[in-house]
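As a basis for the values below, the full set of heavy atoms in this structure was taken, side chains included, without hydrogen atoms, waters or symmetry mates.
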Amino acid sequence: MEIDSFLEYLQDVKRYSPHTLAAYAKDLNQFVEFCEKIELIGEWKEVTPKMVRRFEAGLMTGGLEFGEGEHARRPKAMTARSVCRKLSSIRSLFGYLMREGIVEDDPVELVLPPKIGKKLPVFVPTDEMDELLKKKFNPNDFSMLRDFMILEVAYCTGMRRAELVGLKVEDADMSGKVFRITGKGNKQRLVPMLEEMQGDMELYLKKREAIVNRRGRHSSFFITDAGAPANEQYIYRHVKKCLDHVHALSKRSTHVLRHSFATALLNNEANIEAIRKLLGHSSLAATQVYTHNSFENLKRVYNHAHPRA
């Protein structure tokens, strides 16, 4: 089955990230295993909508087993969001197969995805974020300085975790006062650099330079205490440590800071299209989730419009 060529297409043409490619590979390999073991078929043109529905139902109920022998495992029932993602992977594959002339129809087209309940993004209110950024730290303690810079850059730019990991020293243009961010699909965008950040960044880069020189040169902006490039897990762990001071949060991650960035802009009446560009969203629909999250805007409308306000 043509999974390898499809993944190469996603990597070389669509420029998908390694993380996304790994998710696609896992989803599609599970579907192939289901087709071969349960449906007893070995060609894509034999897949029918009923088979896709049975795969969907098996994922929702936790009734499918993957692997063989001692490596066999039965994943627990999946959420509607996870199942929708797997169906999306299969749908994308069949779109590719149709373009390649391998199949004539898309069996996923007639399959209704499970309904996903809408959840509001978790964010840190502006006043609490201000308190976090006002916390004093020892400028001679590189670990504290670095953690502060991760927090400040993530909140003031809305970068994704992978974008923070991929940020290079040369991407922080101090003279132009902008960050050059490489996002999904290698798309680049510019985000302004706040003036109040520049002093912190100059201090951080000076300390970083001394540590990197001892270890061996590289251009990663964020580094570990030992001077190595920080990876995604490292960034996540240190952001979580910083956000542990906000006790009301149900989640503590880099994406929470991204949500906080977008919500703060919206609460201060920023244009939704401008927010889309700053976040690097390809579709306005992805940005519009924040319009449901802006309670400050709702309060302003309420206080202006309600006769008893």
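Taking both residues in full, the closest heavy atoms of Pro113 and Cys84 are given as CB-SG, 3.7 Å, listed atom of the first, atom of the second, then distance. Annotation for Val153 and Leu164: closest pair CG1-CD2, 4.0 Å, computed over non-hydrogen atoms. Annotation for Val47 and Cys35: closest pair CG2-SG, 4.2 Å, computed over non-hydrogen atoms. What you find for Thr126 and Ala264 is that their closest heavy atoms are OG1-CB, 4.1 Å. Here the closest non-hydrogen pair linking Cys156 and Leu194 is SG-CD1, 3.7 Å. Scanning all heavy atoms of the two residues, the minimum distance from Leu279 to Ala262 falls at CD1-CB, 4.0 Å.
The aromatic rings of His255 and His259 sit perpendicular to each other, their planes meeting at more than 60°, with 30° as the lower class boundary. Ring orientation note: the planes of Phe142 and Tyr204 are close to parallel, at an angle under 30° on the 30°/60° scale.
Looking at Lys187 and Ser282, their side chains come closer than 4.5 Å, going by heavy atoms from C-beta outward. Between Lys207 and Asn140 there is a side-chain heavy-atom pair separated by less than 4.5 Å. Counting only heavy atoms from C-beta outward, the side chains of Arg146 and Ile150 approach each other to under 4.5 Å. Looking at heavy atoms from C-beta onward, Met174 lies in side-chain contact with Met193 at the 4.5 angstrom threshold. Side-chain atoms of Ser88 and Val108, non-hydrogen and from C-beta on, never get closer than 4.5 Å to each other. Using a 4.5 Å heavy-atom threshold, the side chains of Met129 and Leu257 count as touching. With a 4.5 Å cut-off on side-chain heavy atoms, Phe222 and Ile235 count as touching. Residues Met197 and Glu152 are in side-chain contact: their nearest non-hydrogen atoms beyond the backbone lie under 4.5 Å apart.
For the pairing with Thr287, the side chain to side chain donor-acceptor pair (under 3.5 Å) check across His281, Lys277, Glu273 returns one residue only, His281. Paired with Tyr96 under the rule ring-ring contact (aromatic ring centres under 6.0 Å, His included), one option of Trp44, Tyr24, Tyr9 passes, and it is Tyr9.
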Q. Do Leu10 and Phe6 pass the side-chain contact (heavy atoms from CB on, under 4.5 Å) test, and can you show the C-alpha distance, the side-chain angles, and the key distance before you say yes or no?
A. CA-CA 6 Å; Leu10 294 182; Phe6 174 59; 3.7 Å; yes
Q | Ile102/Glu2 under side-chain contact (heavy atoms from CB on, under 4.5 Å): CA gap, chis, key distance, verdict | A | CA-CA 9 Å; Ile102 296 170; Glu2 290 78 1; 3.9 Å; yes
Q: Starting from the C-alpha separation in whole Å, work towards a yes-or-no answer on ring pair (Phe, Tyr, Trp, His ring centres under 6.0 Å) for Tyr155 and Phe261.
A: CA-CA 5 Å; Tyr155 175 65; Phe261 166 81; 7.4 Å; no
Q: Evaluate the side chain to side chain donor-acceptor pair (under 3.5 Å) criterion for residues Ser89 and Ser92: first the C-alpha distance (whole Å), next the side-chain angles of each, then the deciding distance (0.1 Å), finally the verdict.
A: CA-CA 5 Å; Ser89 299; Ser92 296; over 6 Å; no
Q: Go through the steps for Val52 and Phe31 under the test side-chain contact (heavy atoms from CB on, under 4.5 Å), then give the verdict.
A: CA-CA 9 Å; Val52 179; Phe31 184 63; 4.1 Å; yes
(Q) The test is side-chain contact (heavy atoms from CB on, under 4.5 Å); show your working for Arg258 and Arg160 and say whether it passes. (A) CA-CA 7 Å; Arg258 183 168 161 85; Arg160 302 175 177 95; 3.2 Å; yes
Q: Test salt bridge (Lys or Arg N to Asp or Glu O under 4.0 Å) on Asp244 and Lys240 and set out the steps.
A: CA-CA 6 Å; Asp244 279 342; Lys240 185 178 182 300; 3.7 Å; yes
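The cluster map of Ile, Leu, Val, Met, Phe, Trp and Tyr, joined by side-chain heavy atoms under 4.5 Å apart, puts Ile3 and Phe66 in the same cluster. A continuous path of Ile, Leu, Val, Met, Phe, Trp and Tyr side chains, each step under 4.5 Å between heavy atoms, connects Met78 with Val32, placing both in one hydrophobic cluster. Val178 and Met149 fall into different hydrophobic clusters, where Ile, Leu, Val, Met, Phe, Trp and Tyr side chains are chained together by heavy-atom contacts under 4.5 Å. Taken together through direct or relayed side-chain contacts under 4.5 Å among Ile, Leu, Val, Met, Phe, Trp and Tyr, Val13 and Tyr16 form part of one hydrophobic cluster. Linking ILVMFWY side-chain heavy atoms closer than 4.5 Å, directly or via other members, places Tyr236 and Met159 in two distinct hydrophobic clusters.
Salt bridge present: Glu39 and Arg54 bring a charged side-chain N and a carboxylate O closer than 4.0 Å. Under a 4.0 Å N-O distance rule, the pair Glu209/Arg217 qualifies as a salt bridge. Between Lys45 and Asp105 there is no salt bridge, since no side-chain N of the basic residue sits under 4.0 Å from a carboxylate O of the acidic one. Between Glu163 and Arg189, at least one side-chain N (NZ, or NE/NH1/NH2) sits under 4.0 Å from a carboxylate O, which counts as a salt bridge. A salt bridge does not link Asp173 with Lys177: none of the charged nitrogens is closer than 4.0 Å to a carboxylate oxygen.
In this structure a side-chain-to-backbone donor-acceptor pair under 3.5 Å is missing from Glu131 to Asp127. Between the side chain of Glu46 and the main chain of Glu43, a donor-acceptor pair closer than 3.5 Å is present. Side-chain N or O atoms of Thr182 include none that pairs as donor or acceptor with a backbone N or O of Asn186 at under 3.5 Å. Looking at Asn29, its side chain does come within 3.5 Å of a backbone N or O of Ala25 through a donor-acceptor pair. In terms of modelled atom types and a separation under 3.5 Å, the side chain of Arg252 and the main chain of Leu243 share a donor-acceptor contact. Although no hydrogens or angles enter the test, the distance criterion places a donor-acceptor pair under 3.5 Å between the side chain of Lys37 and the main chain of Gly67. Between the side chain of His218 and the backbone N or O of Gly227 there is at least one donor-acceptor pair closer than 3.5 Å. Between the side chain of Ser220 and the backbone N or O of Ile223, no donor-acceptor pair lies under 3.5 Å.
Note that CD of Glu109 and CZ of Phe94 are 12.0 Å apart. Values are rounded to the nearest 0.5 Å. Distance check: Asp106 CG to Ile90 CD1 gives 10.0 Å after rounding to the nearest 0.5 Å. For the atom pair CD1 of Ile181 and OG1 of Thr157, the computed distance is 5.0 Å after rounding to the nearest 0.5 Å. Summarising the geometry, atom CG belonging to Leu87 is positioned 11.0 Å from atom CZ belonging to Arg53; distances are rounded to the nearest 0.5 Å. Taken to the nearest 0.5 Å, the NZ atom of Lys135 stands 10.0 Å off from the SG atom of Cys242. Note that CZ of Phe179 and CZ of Phe221 are 6.0 Å apart. Values are rounded to the nearest 0.5 Å.
With no hydrogens or angles considered, no side-chain donor-acceptor pair links Ser260 and Thr263 at under 3.5 Å.
By the neighbour-count criterion of 12 heavy atoms within 6.0 Å, atom CZ of Arg74 is densely surrounded, having more than that number from other residues, nucleotides or ligands. Heavy atoms of other residues, nucleotides or ligands lying less than 6.0 angstrom from CD of Glu170 number more than 12. Annotation: Gln188, atom CD; neighbour count of heavy atoms from other residues, nucleotides and ligands within 6.0 Å is above 12.
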